[in-house]
Amino acid sequence: MRDPFGRTITYLRLSVTDRCDFRCTYCMAEDMTFLPKAEVLSLEELDRLASAFIAKGVRKLRLTGGEPLVRRNILSLIDSLSRHLASGALDELTLTTNGSQLQRHADHLARAGIRRINVSLDTRDPQKFTALTRWGRLVQVLDGIKAAREAGLSVKINAVALKGPAGNEDEIEDLIRWVHSLGMDITLIETMPLGETGSDRALDYLPLTIVRARLEQHLTLEDIPLRTGGPARYVRVAETGGRIGFITPMTHNFCESCNRVRVTCTGRLFMCLGQNDQADLRAPLRADASGALLSAAIDEAINRKPKGHDFVIERGRIAPAVRRHMSETGG
Ligand code: SAM
Ligand code: SF4
């Protein structure tokens with residue numbers, strides 16, 4: 001799949017549910033209305049959809065959400081998709097999780113051929129963790145990370161940089177040192193204006209340029225050329241030997257190397273996280289068991305993948321640039 005700007009699409013991020021057992025303040029409102037179950041693709045349909053993309057050249061598949069591990073019977077989908085790893089059609093099957101269910105599922109994930117996962121963790125302060133996630137408990141996530149590592153999974157931590165006393169700005173360096181002391185990497189993310197959360201994002205938004213400058217007062221950050229086709233720029237920390245990725249949608253444009261598309265749990269294909277254009281894949285998926293209509297719909301959509309996003313965060317602007325929540329498109 002090649003888009004109009006010559007970018008080859010090899011990475012699919014598939015949201016398997018819009019539901020979650022947390023309500024992170026920057027991601028969701030507290031009283032979220034979730035999709036009626038009938039609108040959500042069945043596990044079988046998710047499998048057909050993912051397999052159609054794999055047949056078209058997707059080499060990396062990430063399951064996300066909402067919280068992917070709260071979807072009922074998600075392990076059966078993962079087991080089924082792992083056939084593409086066995087056949088060599090897929091290089092990597094992975095997921096992004098809040099870690100709450102990892103203790104139960106880590107062994108199974110490893111057995112299914114998952115090698116690496118991303119776990120989101122913004123703070124190691126138990127009170128702050130519960131305040132930020134509204135419903136989460138830190139110990140559950142830490143136990144989950146431990147279980148994943150013991151199962152042999154390589155864990156990367158994702159942390160959203162958040163300003164102010166309610167945020168994590170005063171502990172980012174500690175978080176990095178802790179992550180690196182366990183041999184894990186960490187990616188820092190700027191908040192993106194996605195979906196109504198009931199708060200003013202300008203209050204949370206902490207540019208990573210500032211975070212980086214502060215880190216450099218105590219740590220030596222060496223740029224490394226590692227590129228994953230994604231938005232992250234990586235550095236190695238001389239003092240710890242670990243890596244930090246910086247995802248800076250707000251301060252940098254990373255779109256020229258974009259290799260990915262996203263599909264929601266209702267089968268809507270978003271060619272860009274930061275744009276509203278989408279293509280419905282559920283109707284062609286359901287209308288035609290042969291997959292021909294689905295294949296044509298994917299081709300048509302890739303042909304209009306936009307050049308880039310246009311996020312803006314302005315003080316006092318509560319309405320998001322993109323109305324859907326991150327939990328809908330999948331982070
Ligand atoms: N529930 C899983 C988790 O939290 O890892 C997977 C889905 S979550 C939407 C994926 C990632 O998006 C998480 O790392 C989360 O911190 C991040 N995220 C959510 N809302 C965001 C926002 N508005 N701006 C930037 N990152 C966001
Ligand atoms: Fe749930 Fe992940 Fe969104 Fe937090 S960031 S509310 S864990 S989907």
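Counting convention: from 1, in listed order, for ligands and their atoms alike.
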*With a cut-off of 4.0 Å, which atoms of ligand 1 are near a heavy atom of Thr64?*
6 (C), 7 (C)

*Per-atom contacts of ligand 1 with Glu190, taking only distances under 4.0 Å to non-hydrogen atoms*: 24 (N), 25 (C)

*Could you tell me whether some N/O pair between Ser120 and ligand 1 is separated by less than 3.5 angstrom?*
yes

*Thr191 neighbourhood, listing ligand 1 atoms whose heavy-atom distance to it stays under 4.0 Å*: 24 (N), 25 (C)

_Donor-acceptor under 3.5 Å (Asn168 side chain, Asp122 main chain)_ = yes

_Closer than 4.0 Å to some heavy atom of Val160 - which atoms of ligand 1 meet that?_
16 (O), 26 (N)

*Under 4.0 Å from ligand 2, counting heavy atoms only, is it the side chain of Cys20, its backbone, both or neither?*
side chain

*Does some non-hydrogen atom of Ser120 fall short of 4.0 Å from ligand 2?*
no

_Evaluation steps, side-chain contact (heavy atoms from CB on, under 4.5 Å), between Thr133 and Cys24_ = CA-CA 4 Å; Thr133 58; Cys24 302; 3.9 Å; yes

*Taking distance alone, with no angle check, do Thr97 and ligand 1 share an N/O pair under 3.5 Å?*
yes

*Any idea which atoms of ligand 1 are less than 4.0 Å away from a heavy-atom of Gly65?*
7 (C), 9 (C)

*Atoms in ligand 1 flagged as close to Asn158, the criterion being non-hydrogen separation under 4.0 Å*: 14 (O)

*asked:* So if I count the atoms of ligand 1 from 1 in the order they appear, which ones are less than 4.0 Å from some heavy atom of Gly66?
replied: 1 (N), 2 (C), 6 (C), 7 (C)

*Output yes when Arg268 and Asp18 qualify as a salt bridge under the 4.0 Å nitrogen-oxygen rule, no when they do not.*
no

*asked:* If I take atom NE2 from residue His84 and atom CG from residue Asp47, how far apart are they, to the nearest 0.5 angstrom?
replied: 5.5 Å

*Count the heavy atoms of every other residue, nucleotide or ligand shown that sit under 6.0 Å from NZ of Lys56, and state whether that count exceeds 12.*
yes

*Which distance, rounded to the nearest 0.5 Å, do you find between the CD1 of Ile114 and the CZ of Arg62?*
10.0 Å

*With a 4.0 Å cut-off, would you call Arg124 and Asp174 a salt bridge?*
no

_To the closest 0.5 Å, what do you measure between CG (Leu35) and SG (Cys265)?_
5.5 Å

_Counting only heavy atoms closer than 4.0 Å, does ligand 1 sit against the backbone of Thr96, its side chain, both, or neither?_
both

*asked:* Could you check whether Arg116 pairs with Asp185 (Lys NZ or Arg NE/NH1/NH2 to Asp/Glu carboxylate O, under 4.0 Å)?
replied: no

*Proximal candidate to atom 3 (Fe) of ligand 2 [heavy atom criterion; set Gly65, Cys27, Pro68]*: Cys27

*Which atoms from ligand 1 have a heavy atom of Cys27 less than 4.0 Å away?*
19 (C), 20 (N)

